[in-house]
Amino acid sequence: MWLSKCSVIFGLFGSLHSDRKIHPGFDQSSWKQQITASTDLQSAMTDPQLVTQNGGPNHDADMESKTNLIVNYLPQTMTQEEIRSLFSSIGEVESCKLIRDKTTGQSLGYGFVNYKLQDDADRAIAQLNGLRLQNKTIKVSLARPSSESIKGANLYISGLSKTMTQLDLETMFSPAGNIITSRILCDPTTGLSKGVGFIRFDQRYEAEKAINTLNGTIPEGSTEPITVKFANQPSNSKNVLPVTMASYLSPARQRGFLGPIHHASTGRFRFSPLDAGLVPNPLISATSPTISAAGPGPGWCIFVYNLAPETEENVLWQLFGPFGAVQSVKVIRDFQTQKCKGFGFITMSNYEESLMAIQSLNGYTLGNRVLQVSFKTSNRKSP
DNA sequence: CGACGGGACGC
DNA sequence: CGACGGGACGC
C-alpha cells in the first residue's frame, strides 16, 4: 500500500522542486513520517476539539454519498493529470478537475476529486490530507454541495492581540456559525502574530452575523477593538510570475499602461466598435493621454473583431503590416480549446498608420467574415 | 446581436 | 494607522 503510493508520488514529483530532499533510496517509513509529522504539527498548534477539521460542518442526514472531495493548497505547477494520478492511488476516480483562471489558465491552487466509492473518498482524506508536495501541505476534505450561499463567507479580522492564538480566534467566532478555515498571519521571520487573521464560514449569513456581533468589540483580555469585515476577493495578479520577468520586458513595454487612467472615456470620447468608421479625432487623441486606452504611449492599440476561431497571429501581421510599423499582434484564445475567441489586438507605432489601417480594414472581408476594426476602447475594469 | 488582453510598483 | 492567507465551491 504505502510502497505503491510512494512510488506514484515519487514518480510524479521527484523531478520538481521540493523543500525537502527526496532520496531515491528512501524507505516507506520516511514517507509515513513525513505525513504523520505534518498532521501532528497541525494538532500541536491547534486544539483538535475546537479548531476546524477537514470535513467542515456536518451536513448530517445527507442522502447523497460523500464521494466528492475538494483539494486545497495544491502546488502551483501541479496539473490535473498529476492530481488524478495521485488520487487514483487510493481508488478509482470518477472525475477530477483542477480549477484554473479562466483567461490565463493559471492554477488557482484547488480542485475537485470525485471517487466512485465513498470508501475510497474516506481513505483519501485519511491518507492524503496533510501530504506535503513541494512547498505546500495539501488539504483534502469533503466538498460541500456547491451553492450561492457559501460564497463570500470569508472574513478579514484585524486589531487582534498579538498573543491571540488560532484557537482563541475560533472560540471567539464559533458562536456565529460553522468555521471552515481559520488563520492568523505571522511574520515569517519572527513567527510572531501580525494581529490579523481570516475566518471562513460555511455560510455567508454566518459571516454577516459575525460582522454584526463582533466588529468593533474588544475581546476578553484585550484592550483594543477588533475590525471584522469581508476579506478581499483573491486577486490573481500577484506572485504568479517570477519577479525577474519584468527585466525581460522592454522599457517601452514597462511603461505600458501604468499610472492612473482616471477620467478615461466619458461620453463623447468613447469609441464603440459598433460605430463603424468612427475614429478618434487626431487633434484630441494624439495629444490627450486620457482619451483612449489605444494610446498614446508605446503605440496605438487596435481592436479587431469577428476573427475566425482558427485565426493565427501571422494573419494579423500580414493584414496590418502593409500599413506601417506593427509592434505586436495578439490573438485572444480560449485557454481550454486554444481557439480564437473572435478578437485580437494589434499595436502599431504611428498614429497615422494605425488610422489608415483602421479605415482600410474595418469592413474588410476576411474569409467569409466582415471584420470590425477600431481603436481599442479604454479598460472598463470597474473595481 | 455581441465582442476589448496582458502587462505591473517607480517617480 | 493599516495590515489581505496557503487565491475554498466547479474560470
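Throughout, protein chains are lettered first and strands after them, A, B, ... in sequence-line order, and every chain is numbered starting at 1.
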Classify A:Tyr156 by what it touches in the nucleic acid, base, sugar-phosphate, or nothing, heavy-atom distance under 4.0 Å. base
To the nearest angstrom, the OH-P distance between A:Tyr73 and C:dG6 comes to 9 Å
Between CG of A:Asn68 and P of C:dA8 the distance, given in whole Å, is 17 Å
Between CH2 of A:Trp300 and P of B:dG5 the distance, given in whole Å, is 19 Å
For this session: If the plane angle is over 60° it's perpendicular, under 30° parallel, otherwise tilted; pick one for A:Phe303 and A:Phe343.
Result: tilted
Testing C:dA3, C:dC9, C:dC11 for proximity to the side chain of A:Arg144, the answer is C:dC9
**Prompt:** Do A:Phe173 and A:Ile157 have side-chain heavy atoms sitting under 4.5 Å apart?
**Reply:** yes
Rounded to whole Å, CZ of A:Phe343 lies from C1' of B:dG5 at a distance of 7 Å
Which of C:dA3, C:dA8, C:dC4 is nearest the side chain of A:Lys229? It is C:dC4
Taking C:dA8, C:dC4, C:dG10 as options, the one with an atom nearest any side-chain atom of A:Thr181 is C:dA8
When rounded to whole Å, the CD to C1' distance for the pair A:Glu224 and C:dG2 reads 11 Å
Nearest-angstrom distance, C1' atom, B:dG10 to C:dG6
30 Å
To the nearest angstrom, the CZ-P distance between A:Arg183 and C:dG6 comes to 4 Å
Taking only the side-chain nitrogens and oxygens of A:Lys151, find out if one of them lies under 4.0 Å from OP1 or OP2 of C:dG10. yes
5'-most contact on DNA chain C (nearest-nucleotide basis), A:Ile138 vs A:Ser146, goes to A:Ile138
*Which part of the nucleic acid, if any, lies within reach of A:Gly105 when heavy atoms closer than 4.0 Å are counted: base, sugar-phosphate only, or nothing?*
nothing
With the side chain defined as heavy atoms from C-beta on, A:Lys376 is closest, among C:dA3, B:dG5, C:dA8, to B:dG5
Out of C:dG10, C:dC4, C:dA8, minimum distance to the side chain of A:Ser141 belongs to C:dA8
Hits for side chain to side chain contact (heavy atoms under 4.5 Å, CB included) against A:Ser88, two or more places apart or cross-chain, chain-then-number order -> A:Arg84, A:Val93
Looking only at C:dC9, C:dC11, C:dA3, the nucleotide nearest the A:Lys97 side chain is C:dC11
Per atom distances to the A:Ile150 side chain, the nearest of C:dA3, C:dG10, C:dC9 is C:dC9
Applied to residues 115-148 of chain A, the ring-ring contact (aromatic ring centres under 6.0 Å, His included) test, sequence neighbours excluded, yields none
Nearest heavy-atom contact between A:Met78 and A:Leu86 is CE-CD2, 3.9 Å
Given the 90°-from-0 boundary between syn and anti, B:dC9 should be labelled syn
Per the glycosidic torsion and the 90° limit around 0, nucleotide B:dC11 is anti
Worksheet item: Expressed in whole Å, how much space separates the P atoms belonging to C:dC9 and B:dG7?
Response: 23 Å
| Does a donor on one side chain sit under 3.5 Å from an acceptor on the other, for A:Gln76 and A:Ser107? | no
Discussion item. Does A:Gly109 reach a base, just sugar-phosphate, or nothing at all? Heavy atoms under 4.0 Å.
Written reply: base
note: A:Met78, atom CE; C:dG6, atom P; distance rounded to Å ~ 19 Å
| query | With a 4.0 Å cut-off on heavy atoms, is A:Tyr110 in touch with a base, just the backbone sugar-phosphate, or nothing at all? | reply | sugar-phosphate
When rounded to whole Å, the CD1 to C1' distance for the pair A:Ile70 and C:dC9 reads 5 Å
